[in-house]
Amino acid sequence: MLIDFNLKEKIKGLKKKGSPSLHSGQPQYFDIGVAFWLINPDEEEYTPEYLSQKYLYKEFGGKKDLQLLCQIAEKKLKEYKLEKLFYEVEMPLLPVLAEMEKIGIKLDPKFLKSLDKKLGSRIEELVKIIYKGSGGPFNINSPKQLGEILFQKLQVGLKGVKKTKGGKISTDVETLMTIRDRHPVVRHILEYRELFKLQSTYVKPLQALADKNSRVHTTYIQTGTTTGRLSSQNPNLQNIPAEGEWAKEIRKAFIAEKGYQLASFDYSQIELRVLASLSGDPKMIEAFNKNLDIHKMTAANVFNVPLEKVTSEMRRTAKTLNFGVVYGMGAMAFAKTSGLDFAKAKNFIEEYFSDFKRIKEWQEKVKSQARISGYVVNLNGRRRWLLELTSMFRQQAAEAERAAINMPVQGLAADIIKIAMVKVAAEIKKRKWLNADTSPVPQSGIRGSDKVRMLLTIHDELLFEIKDDIIKEAESVIVKIMESAYELEVPVKVDVKIGKNWGF
DNA sequence: TATGAGGGCGCC
DNA sequence: AAACGGCGCCCTCATA
């Protein structure tokens, strides 16, 4: 067994003759950092230095000792019933992530360059318009300067404008939207903000990070969240723009290799299904069993109308409600997001919880158990310490409560997709759809023998690059594995999209 | 020149 | 007034 830190990096570096076989239940890897993350996902770092200092202080004055760290971790994993999750999910996931990072995803450099130009010239235009409209140049990217221009120089009214945490006048998109009609320059600032963000955060960095074969390689951080999700870094490929005209263009820059297609497999409403399953709420479960439009069903309930009478407006409100409930949203936040007034928002939330009583009950149960024990666990033992639940600062306690009710849901959804990834990877290997483990990547960057490559994981979505001739077969195999990766009290559904690029 | 906080915003 | 869970990255600006 390999025992170390950063095993994913070491696996990536393995030239290796024989590929490591992943017999289930046979631990091949023991990543100490990941183990400590399962034990407590709120550590500052998961480095040998930090953990030694923290956990070996008494024994060795903080001297590094991997063997000892490993022993401590093993004991805790057992005590916390995390062994299954560790040995059968997180560790088998290591080589899967390593492979995904190594393969990378292909970009269309010419397309990106042209997009860059288009964005650049529109931004230039906007800058001119904004300077002219506000009587002189200033740094539009500086909230401080922008605020001064708008609210002092241009005398835009402050009605409905909020302050930032630091007490300064906010210039965020919500604020700009409310003052949109008070000065003609505001709409141009809004457009500038959007385009500058896309260019500086996505279009430019992606071009810079592409390798010789125009592929970009993210790094997945397995210890990067408190709920069990992965995070993605440098570049973050889990926050590529999705909504909007320009966003679509950016997605089109992610392409499949010649002879391949991109295919995305998306868990449908996974967190809501998990919530229905965990809470056992009969109405919610029935809706999923009948494969109903869940937001529409929710709308029918909270508005007390038959399904046929649900308008798109009602559905939108219900959708916000469904999402909000998973996050522990209060009336205030719901009012803001939905555009309703506070009293109405409050009523809707009350109506929701009276229609879906078990959800409320489940949330209360989670909170009270967590208050007593100081931590919250999900179905697979994934754990998060939340000592702030009993804080005398109400704000802190409330935040901890929301985290407490969210973690078992988000965490189980994370488990499900991780399990699916491990199973799909095993199937790909079994069917010899990927030679990645044994064959070197040729100069071209194309391994012609690869049939199916797992590229990205975006919380509830897996993105693959699949050879044309096998696309149909691969699709049904992957869907089947994902939908049956984990048994819930409701069906698990996966939606598929296929195309030459990610613009779908 | 490097660093970190603050403000802001992209995704699920 | 008050923000709803989980992330990473951009720019500005003050400070070292």
Side-chain angles (χ1 to χ4, degrees), chain A residues 41-42 138-147 160-176 189-190 192-206 209 218-221 223-244 246-247 250-251 264 266-272 274-275 320-338 342 345 349 363 366 376 384 386 394-395 398-411 413-414 417 456-462:
Chain A
D42 274 298
F138 65 99
N139 190 340
I140 310 170
N141 292 330
S142 164
K144 185 163 171 275
Q145 292 184 40
L146 179 59
V161 172
K162 53 179 185 175
K163 300 270 178 70
T164 66
K165 202 173 268 187
K168 290 189 257 286
I169 298 170
S170 174
T171 66
D172 66 11
V173 60
E174 193 192 328
T175 303
L176 294 180
I189 291 169
L190 277 162
Y192 171 90
R193 271 267 175 83
E194 182 192 353
L195 301 201
F196 193 89
K197 170 92 179 180
L198 296 183
Q199 190 186 43
S200 65
T201 307
Y202 304 101
V203 175
K204 289 200 180 290
L206 283 174
L209 288 168
T218 189
T219 301
Y220 289 106
I221 309 297
T223 57
T225 72
T226 51
T227 56
R229 278 186 178 180
L230 295 160
S231 73
S232 158
Q233 198 178 58
N234 191 30
N236 180 356
L237 295 182
Q238 292 180 326
N239 74 342
I240 300 301
E243 295 294 325
W246 291 94
I250 293 177
R251 290 222 162 193
S264 102
D266 206 303
Y267 277 116
S268 160
Q269 307 291 354
I270 188 67
E271 291 199 349
L272 223 42
V274 165
L275 179 62
T320 307
L321 214 35
N322 271 331
F323 274 102
V325 163
V326 180
Y327 303 148
M329 183 168 65
M332 194 69 188
F334 178 54
K336 267 199 170 160
T337 339
S338 62
F342 182 85
I349 292 180
Q363 292 185 336
V366 169
V376 52
R384 181 174 180 186
L386 287 168
R394 318 200 76 174
Q395 176 78 11
E399 279 173 20
E401 285 192 347
R402 294 192 295 266
I405 60 169
N406 177 259
M407 185 275 182
V409 177
Q410 191 181 126
I417 199 163
L456 302 180
T457 170
I458 308 153
H459 309 306
D460 62 355
E461 171 187 0
L462 296 179

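Sequence lines set the chain letters: A, B, ... in the order given, protein chains first and strands last, and positions in each chain run from 1.
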Heavy atoms within less than 4.0 Å of DNA chain C: which residues of residues 163-176 of chain A have one? Give them sorted by number. none
Which residues within residues 223-235 of chain A lie with some heavy atom under 4.0 Å of an atom in DNA chain C? A/G224, A/T225, A/T226, A/T227, A/R229, A/S231, A/S232, A/Q233, A/N234
With the side chain of [X] defined as its heavy atoms from C-beta on, choose the nearest nucleotide among [options].
X      : options               : result
A/Q410 : B/dC11, C/dG6, C/dT12 : C/dG6
A/K144 : C/dA2, C/dT12, C/dA14 : C/dA14
A/R193 : B/dG10, B/dC9, C/dC4  : B/dC9
A/K162 : C/dA3, C/dC4, B/dC12  : C/dA3
A/E243 : C/dG5, B/dC11, C/dA3  : B/dC11

Distance-only donor-acceptor test (3.5 Å): side chain A/K197, base C/dC10: no
Looking only at N and O atoms, is any donor in the side chain of A/N236 or the base of C/dG8 less than 3.5 Å from an acceptor on the other one? no
Sub-3.5 Å donor-acceptor pair from the side chain of [X] to the main-chain atoms of [Y], do we have one?
X      : Y      : result
A/R251 : A/P241 : yes
A/E401 : A/G328 : no
A/Q238 : A/T457 : yes

Which value, in whole Å, describes the distance between the C1' atoms of nucleotides B/dC9 and C/dA3? 15 Å
Write down the distance between [atom1] ([X]) and [atom2] ([N]), rounded to a whole number of angstrom.
X      : N      : atom1 : atom2 : value
A/M407 : C/dG5  : CE    : C1'   : 12 Å
A/Y220 : B/dC12 : OH    : P     : 14 Å
A/F323 : C/dG5  : CZ    : P     : 16 Å
A/Y192 : C/dC11 : OH    : P     : 10 Å
A/L206 : C/dG8  : CG    : P     : 17 Å
A/K336 : C/dA2  : NZ    : P     : 6 Å

So for atom NZ, which belongs to A/K162, do other residues, nucleotides or ligands contribute more than 12 heavy atoms lying within a distance under 6.0 Å? yes
Pair A/S232-A/T218, side-chain donor/acceptor within less than 3.5 Å: yes
Would you indicate what [X] reaches in the nucleic acid, counting non-hydrogen atoms under 4.0 angstrom: base, sugar-phosphate, or nothing?
X      : value
A/Q145 : sugar-phosphate
A/F334 : nothing
A/E271 : nothing
A/R384 : sugar-phosphate

Any chance you could measure A/D460, atom CG, to A/Q410, atom CD, to the nearest 0.5 Å? 10.5 Å
How are the rings of A/F323 and A/Y327 set relative to one another: parallel (under 30°), tilted (30 to 60°) or perpendicular (over 60°)? tilted
Is the distance from OP1 or OP2 of C/dT12 to the nearest side-chain N or O of A/N141 less than 4.0 Å? yes
Using a cut-off of less than 4.0 Å, is there contact between a side-chain N or O of A/N139 and OP1 or OP2 of C/dT12? yes
